[in-house]
Amino acid sequence: MSIPRTFVIPLIVACALFMEQMDSTVISTSLPALALDMQVDPISLKLALTSYLVSLAVFIPISGWMADRFGSLTIFRSAICVFMLGSILCGISSTLPEFVAARFFQGIGGAMMVPVGRLVILRSVEKVNLVKALSYLTIPALFGPVLGPPLGGFITTYFHWRWIFFINIPISILGLYLATRFIPDLKAEQVSPLDWPGFVLSALGCSLLMMGLATAGRHLISGEISLACVAAGVVFLALYVWHARRAKAPLIDLTLLRIPTLQAGVYGGSLYRIGIGAIPFLLPLMLQLGFGYTPFHSGLLTCASAAGAMFMKTIASRFLQRYGFRKVLLVNGACGIVGLWAIALFSPTTPYVVMMLVLLVGGCFRSLQFTSLNAISYADVDKVRLSQATSMASVAQQLSIGMGVVLAGFALQASNEIQGHATLVAADFWPAFLVVGAVASCSLFMLRRLPPNAGAEMAGRSEAKSA
């Protein structure tokens, strides 16, 4: 009996997506154990999170071009191999520089794996079955963040953190086998030239800027070198802006930011993600180093946020249809920031159930906000420029989440030094949560610029029909 492509191809891509989602969530729970094993300051492990995110931001924009040029199957299998090799290198790393480099290399595979996989589905499945096929793909995206924290905590508590990365090996091998058997090697008939100068400038700019910020505070390299990296990163990004304004087909078309809804989604969404992106870094450290939880119990608690997010995905469209994008983004965004600040009130004596409820409800608010931001970004983008808009939004998302980790590290380190604590304690964390929450609240000023009927057609509201 033959298996329909509508099911089998999305399932193969879903395995890759599940692996990436799991890997990005399990590591957060294991940060204190990693710091202890590598004998480094836990705050310095922000480098491990940011290096992966920067790698995604650098290589996602060229993933589609590579699939068109070399074939979807070739790039998809290569991406799985790179991700698997990066996982192995992470698992055998014994120092912080080795681990950071391995995470960056692993991110190259992640940047190619999922976007190319989506492209395979769009080109391989008939349009009449496309919605069903894409629905199969979203399942691991929902379950990965829920299963990741407790699984990472269980492995770290009862085995060793290295097995977090080694479990990717059998999943990768299975993905390679299934991809080889079922996925066609599709290429585009005509491939436009890649904007190599733009790619080099943006890659150097993003990498140097984020590395300089993430290493500030005497982590890995000296303060002078960190400052030099920041300065060089700013220069390269400025050169990219100059280049993009003159290039016929820039890697990332900055003129798209003239579209009000995309501008609100990118700018407002980035500010919001800076605050929310700090949670996977701060929360496990607070629970384990500040409150004395085991990695397993910490993971069980932090997955409550993902469970709330998964529930909200099922009803988000109803809120948007009833209230519209602008009202949802402003009111729900404010509630999400209050939920972020509520985490600052946690203490070692706070009941476990209370913390779980706060994280569960906060996860609902944050999920609705991200769903709305992702949707409104493309409300007024025409189909011709949709691919460019997707690349821009994806890069902004990864960089803003990485910036959130960097900001959280700065705030936590400053709080620790000002209070004069030799090691991280529970009292060091509440100021950091207040700081990242304050940055996230700035997103509301950007979102207020949206007109009341913004995205009405996408939300299925009546004013779109009468317009």
Quiz item: In this structure, are over 12 heavy atoms from other groups packed under 6.0 Å from Tyr352 atom OH?
Solution: yes

Quiz item: Within the distance-only criterion (no hydrogens, no angle test), does the side chain of His421 pair as donor or acceptor with the backbone N or O of Thr423 below 3.5 angstrom?
Solution: no

Exercise. Examine the side chains of Gln106 and Ser87 and answer whether a donor and an acceptor come within less than 3.5 Å of each other.
Key: yes

Exercise. Verify side-chain contact (heavy atoms from CB on, under 4.5 Å) between Val406 and Met210, making sure each step is shown before the conclusion.
Key: CA-CA 8 Å; Val406 171; Met210 291 298 293; 4.2 Å; yes

Practice problem: Find out whether Val436 and Ile279 are in side-chain contact, i.e. whether some heavy atom of one side chain is under 4.5 Å from a heavy atom of the other. | Solution: no

Quiz item: Got Leu450 and Pro260 here, is their nearest side-chain heavy-atom distance under 4.5 Å?
Solution: no

Self-check item: Pro42 side chain near Pro32 side chain, heavy-atom distance below 4.5 Å
Solution: no

Exercise. Mind checking the CZ-SG spacing from Phe83 to Cys90? Nearest 0.5 Å is all I need.
Key: 8.5 Å

Practice problem: Examine Lys46 relative to Phe410 and say whether NZ or CZ is less than 6.0 Å from the centre of the six-membered ring and inside a 45° cone about the ring axis. | Solution: yes

Quiz prompt | Check against side-chain contact (heavy atoms from CB on, under 4.5 Å), His297 and Gln288 | solution = CA-CA 9 Å; His297 286 100; Gln288 295 179 47; over 6 Å; no

Self-check item: Polar contact flag, side-chain donor to acceptor under 3.5 angstrom, Ser415-Gln419
Solution: yes

Quiz prompt | Side chain proximity check, Val358 to Phe346, heavy atoms < 4.5 angstrom | solution = yes

Exercise. May I ask you to test the Ile252-Tyr240 pair for a side-chain heavy-atom distance under 4.5 Å?
Key: yes

Quiz item: What heavy-atom pair brings Tyr293 and Met355 nearest, and what distance separates the two atoms?
Solution: OH-CE, 3.0 Å

Exercise. Apply the test ring-ring contact (aromatic ring centres under 6.0 Å, His included) to residues Phe105 and Tyr52: give CA-CA distance (whole Å), side-chain angles for both, the deciding distance (0.1 Å), then the verdict.
Key: CA-CA 8 Å; Phe105 183 77; Tyr52 184 85; over 10 Å; no

Quiz item: With no hydrogens and no angle check, is any side-chain donor or acceptor of Ser441 less than 3.5 Å from a backbone partner on Ala438?
Solution: yes

Quiz item: Could you give the distance from CG (Leu34) to OG1 (Thr29), rounded to the nearest 0.5 Å?
Solution: 10.5 Å

Quiz item: Closest approach of Met84 and Ile169, non-hydrogen atoms and distance?
Solution: SD-O, 3.8 Å

Practice problem: Of all the heavy-atom pairs spanning Phe166 and Ile88, show the shortest one and how long it is. | Solution: CE2-O, 4.0 Å

Practice problem: Take Phe370 and Tyr272 through the test ring-ring contact (aromatic ring centres under 6.0 Å, His included) and record every step on the way to the result. | Solution: CA-CA 9 Å; Phe370 288 144; Tyr272 195 81; 5.8 Å; yes

Quiz item: Any side-chain heavy atom of Glu417 within less than 4.5 Å of one from Leu412?
Solution: no

Quiz item: Just by distance, do the side chain of Ser55 and the backbone of Ile108 share a donor-acceptor pair under 3.5 Å?
Solution: yes

Self-check item: Backbone N/O of Phe199 and side chain of Ser202: donor-acceptor pair under 3.5 Å
Solution: yes

Quiz prompt | Minimum heavy-atom distance Pro280-Leu31, with the two atoms named | solution = O-CD1, 4.5 Å

Quiz item: Ignoring hydrogens and geometry, is there a side-chain-to-backbone donor-acceptor pair from Ser367 to Cys364 under 3.5 Å?
Solution: no

Exercise. Could you tell me which non-hydrogen atom of Ser400 sits nearest to which non-hydrogen atom of Arg273, and how far apart they are?
Key: OG-CB, 3.4 Å

Practice problem: Could you tell me whether the side chain of Thr157 and the main chain of Phe296 form a donor-acceptor pair under 3.5 Å? | Solution: yes

Quiz item: Hey, what do you get for OG (Ser377) to CG (Leu256), rounding to the nearest 0.5 Å?
Solution: 11.5 Å

Exercise. Please answer whether the main-chain N or O of Thr156 pairs with a side-chain N or O of Trp161 as donor and acceptor at a distance below 3.5 Å.
Key: no

Practice problem: List the atom of Ser372, the atom of Leu320, and the distance in Å for their closest heavy-atom pair. | Solution: OG-CD2, 3.4 Å

Quiz item: Is the shortest heavy-atom distance from the side chain of Leu262 to the side chain of Asp380 under 4.5 Å?
Solution: no

Self-check item: Step-by-step side-chain contact (heavy atoms from CB on, under 4.5 Å) determination, Leu282 to Val405
Solution: CA-CA 8 Å; Leu282 287 176; Val405 175; over 6 Å; no

Quiz item: Which value, rounded to the nearest 0.5 Å, describes the distance between Met211 atom CE and Leu209 atom CG?
Solution: 10.5 Å

Practice problem: Look only at the side chain of Thr302 and the backbone of Gly299, and say whether a donor-acceptor pair between them is shorter than 3.5 Å. | Solution: yes

Quiz item: Is there a donor-acceptor contact under 3.5 Å from the side chain of Ser51 to the main chain of Ala48?
Solution: yes

Exercise. Look up atom CD1 in Ile171 and atom CG in Leu176, then write down how far apart they are to the nearest 0.5 Å.
Key: 12.0 Å

Quiz item: So, does Gln398 use its side chain to make a donor-acceptor pair with the main chain of Leu56 at under 3.5 Å?
Solution: no

Quiz item: Rounded to the nearest 0.5 Å, how far apart are CG of Leu208 and CZ of Phe236?
Solution: 6.5 Å

Quiz item: Any side-chain donor paired with an acceptor under 3.5 Å for Gln397 and Asn374?
Solution: yes

Quiz item: Taking it one step at a time, do Arg103 and Thr50 satisfy side-chain contact (heavy atoms from CB on, under 4.5 Å)?
Solution: CA-CA 9 Å; Arg103 285 286 288 171; Thr50 55; over 6 Å; no

Exercise. Find out whether Leu360 and Phe311 are in side-chain contact, i.e. whether some heavy atom of one side chain is under 4.5 Å from a heavy atom of the other.
Key: no

